[in-house]
Protein chains: 2
Amino acid sequence: MKEIFGSPGGSLAAKVRTLAPSMTRSMQRVAEAVANDPAGCAALTVTGLAELTGTSEATVVRTARLLGYPGYRDLRLALAGLAAQQQSGRAPAITTDIAVDDPIADVVTKLAYEEQQTLADTAAGLDTVQLGAAVTALAGARRTDVYGIGASGLVAQDLTQKLLRIGLIAHAHSDPHLAVTNAVQLRSGDVAIAITHSGSTGDVIEPLRVAFEHGATTVAITGRPDSSVTQYADHVLTTSTSRESELRPAAMSSRTSQLLVVDCLFVGVAQRTYESAAPALAASYEALAHRHRSISR
Amino acid sequence: MKEIFGSPGGSLAAKVRTLAPSMTRSMQRVAEAVANDPAGCAALTVTGLAELTGTSEATVVRTARLLGYPGYRDLRLALAGLAAQQQSGRAPAITTDIAVDDPIADVVTKLAYEEQQTLADTAAGLDTVQLGAAVTALAGARRTDVYGIGASGLVAQDLTQKLLRIGLIAHAHSDPHLAVTNAVQLRSGDVAIAITHSGSTGDVIEPLRVAFEHGATTVAITGRPDSSVTQYADHVLTTSTSRESELRPAAMSSRTSQLLVVDCLFVGVAQRTYESAAPALAASYEALAHRHRSISR
DNA sequence: GTCACTCATGAAAGATATTTTCGGTTCGGC
DNA sequence: GCCGAACCGAAAATATCTTTCATGAGTGAC
């Protein structure tokens with residue numbers, strides 16, 4: 001009932017009130033029903049509404065006319081619109097954390113909302129200068145190594161898959177020893193990327209340090225721009241840290257955040273290397289399409 | 001500016017995109033018209049819309065059915081509601097695709113926006129009944145196998161990592177042969193999950209089929225609810241399909257969508273098994289914290 | 001290339017909903 | 001009590017929606 005201000009809902013209720021005196025008793029009953037429950041009435045046919053109000057179809061149509069619509073059909077459409085607005089007007093109010101006894105539908109809503117929030121935060125907090133620098137380095141790199149462990153390891157693989165698709169040479173490492181072994185090979189012109197939410201995952205910092213000391217351009221994707229990993233990073237890309245709850249560990253939002261950063265890197269690189277990236281993308285798409293078709297059906 | 005959440009048009013536009021592949025040409029024309037101009041179409045009768053799209057009434061009705069409404073009448077009402085919402089919502093809507101010469105800052109904004117859109121669409125289109133059923137199956141499973149290839153493989157691993165964290169037995173398979181070999185071991189009470197955007201990735205369908213035939217409860221996470229993979233799936237969870245562009249391949253949004261679904265599954269299971277999940281989560285957090293502290297500094 | 005077959009499609013018949021017509025009814029005035 | 005005017009709803013008329021069915025285009029098999 002906060003429809004007071006200029007909304008069509010108010011407009012209709014007001015119209016009903018204004019016109020009520022000039023209505024006959026039967027019409028008033030119809031108008032009242034419509035004003036009280038637009039959504040419900042929108043679901044009814046003329047006959048239905050006539051029965052509900054204990055009147056006839058003719059009366060319903062007459063009422064619709066009086067309210068300014070050509071006929072009941074149009075009133076009904078307007079009602080549907082009204083109902084939808086009222087529906088959406090209700091504040092989502094997703095302030096609370098996910099609780100153990102939340103119904104599954106709420107879980108979906110809350111998770112989606114929180115991840116959207118994370119994305120917005122990340123986009124807002126991302127330093128485009130650093131991002132641009134990282135993109136430039138990647139676009140010109142002889143080879144790229146990406147380090148990530150656990151959930152961040154998957155992000156590392158995601159980035160690697162994408163870069164490979166546009167013809168770049170990239171490797172993801174989740175084994176710390178192999179990572180270091182490979183980092184030794186890096187030199188100026190190569191790129192090393194460390195992905196760690198905490199910024200203090202030793203297994204990821206170590207290879208980045210080695211790469212850094214061998215002259216590679218190093219990038220850190222972390223939620224903690226002041227953490228140890230950044231001291232070996234030429235460019236730091238900050239992911240957002242959202243409040244976590246018991247049922248929604250930080251890993252979830254950091255993953256979302258990291259993926260957005262990684263996507264930005266990828267698209268940035270694809271732009272810079274468009275000449276070679278576009279055909280490569282098309283080619284890999286072709287190859288996949290064939291593979292799908294062949295087995296399906 | 002509050003369009004971030006469950007964008008009004010989004011739900012229907014998303015449904016159109018999801019179902020478009022399974023539509024015939026004529027139906028696609030109708031669906032497109034409806035998605036592009038809900039308000040305008042709401043003002044038309046079946047005949048009118050049929051003429052506008054150069055098709056017949058029958059086709060319009062068929063399209064309405066496919067979109068989940070009993071008939072055109074109801075679709076029309078829904079359209080009216082949508083139109084009203086859009087009217088009041090006034091979405092800013094970043095319409096343009098990412099271009100080759102977009103500055104990096106725009107890339108960030110657009111990517112974040114599109115992924116938010118994807119999340120909203122996914123949440124809107126997710127069948128909570130199916131989701132609940134899948135959660136129940138997972139919570140009571142002796143063991144769970146997850147199949148995914150390429151980008152979907154990473155999602156499969158993500159799910160597996162999470163389930164392991166709360167003490168469930170889960171494996172991710174990206175090798176088709178090993179997947180089938182393992183699927184043979186599954187039996188009633190076990191769960192098999194296939195993740196594939198296209199729904200026609202043979203390498204993922206095959207192990208699901210085997211699992212299905214051995215009596216396991218099977219779940220498909222796909223963007224094509226009418227594809228081959230669903231015929232072996234007890235429960236189908238639909239991910240959203242957003243329009244793709246050259247620089248933003250479908251894989252990007254499907255991954256976002258799949259991850260949301262996977263997160264929902266995880267949280268759902270964590271709720272059901274809270275007694276054991278909570279300590280397990282805490283324990284794994286403890287273990288990690290230690291690992292971070294020890295090497296960082 | 002040809003044949004058989006499936007499936008998409010629209011024309012038209014059929015069903016439903018809406019609008020109009022029209023006659024009965026009520027109510028107030030005389 | 002009689003008259004007239006407005007109200008009202010039943011039912012006819014119309015518009016709209018839904019279903020059926022025949023046709024033709026496309027597709028795969030031979």
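Residue numbers start from 1 in every chain, and the chains themselves are labelled A, B, ... in the order their sequence lines are given, proteins ahead of strands.
Residue pairs satisfying the side-chain hydrogen bond (donor to acceptor under 3.5 Å, both in side chains) criterion with at least one member in residues 254-265 of chain B, sequence neighbours excluded, are listed as follows: A:D158-B:R255, A:R255-B:D263, A:D263-B:R255, B:E115-B:R255, B:E115-B:T256, B:T122-B:S257, B:S152-B:Q258, B:K162-B:D263. Screening residues 64-83 of chain A for salt bridge (charged side-chain N to carboxylate O under 4.0 Å, His left out), with sequence neighbours left out, gives no hits.
In this structure B:D145 satisfies the salt bridge (Lys or Arg N to Asp or Glu O under 4.0 Å) test together with B:R143, sequence neighbours excluded. B:T53 is linked by a side-chain hydrogen bond (donor to acceptor under 3.5 Å, both in side chains) to B:T55, counting only residues two or more places apart in sequence or in another chain. For B:T63, there are no side-chain hydrogen bond (donor to acceptor under 3.5 Å, both in side chains) partners at least two apart in sequence or on another chain.
Residue B:G48 is out of contact with every strand shown, counting any heavy-atom pair closer than 4.0 Å.
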Give the table of side-chain donor-acceptor pairs shorter than 3.5 Å for residues 123-133 of chain B, with sequence neighbours excluded, one pair per line with atom names and distance.
unit_1: B:D127; atom_1: OD1; unit_2: B:V129; atom_2: N; d: 2.9
unit_1: B:D127; atom_1: OD1; unit_2: B:Q130; atom_2: N; d: 3.3
unit_1: B:Q130; atom_1: OE1; unit_2: B:V236; atom_2: N; d: 2.8

List, one per line, each side-chain donor-acceptor pair under 3.5 Å for residues 212-220 of chain B, sequence neighbours excluded.
unit_1: B:E213; atom_1: OE1; unit_2: B:R209; atom_2: NH1; d: 2.9
unit_1: B:E213; atom_1: OE2; unit_2: B:R209; atom_2: NH1; d: 3.0
unit_1: B:H214; atom_1: ND1; unit_2: B:V210; atom_2: O; d: 2.9
unit_1: B:T218; atom_1: OG1; unit_2: B:Y232; atom_2: O; d: 2.5
unit_1: B:T218; atom_1: OG1; unit_2: B:D234; atom_2: N; d: 3.0
unit_1: B:T218; atom_1: OG1; unit_2: B:D234; atom_2: OD2; d: 3.4

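The phosphate of D:dG9 has OP1 or OP2 within less than 4.0 Å of a side-chain N or O from A:T59. Residue B:T24 has no polar side-chain atom (N or O) positioned under 4.0 Å from OP1 or OP2 of C:dA8.
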Readout for nucleotides 13-24 of chain D: B = base within 4.0 Å of protein heavy atom, S = sugar-phosphate only, - = neither; 5' to 3' it is ---SBBBB----
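No donor-acceptor pair closer than 3.5 Å links the side chain of B:T230 to the backbone N or O of B:D226.
Within residues 26-43 of chain A, the residues approached by DNA chain D to less than 4.0 Å at the level of any non-hydrogen atom are A:S26, in residue-number order.
For the pair B:E51 CD and C:dG10 C1', the computed distance is 13 Å after rounding to whole Å.
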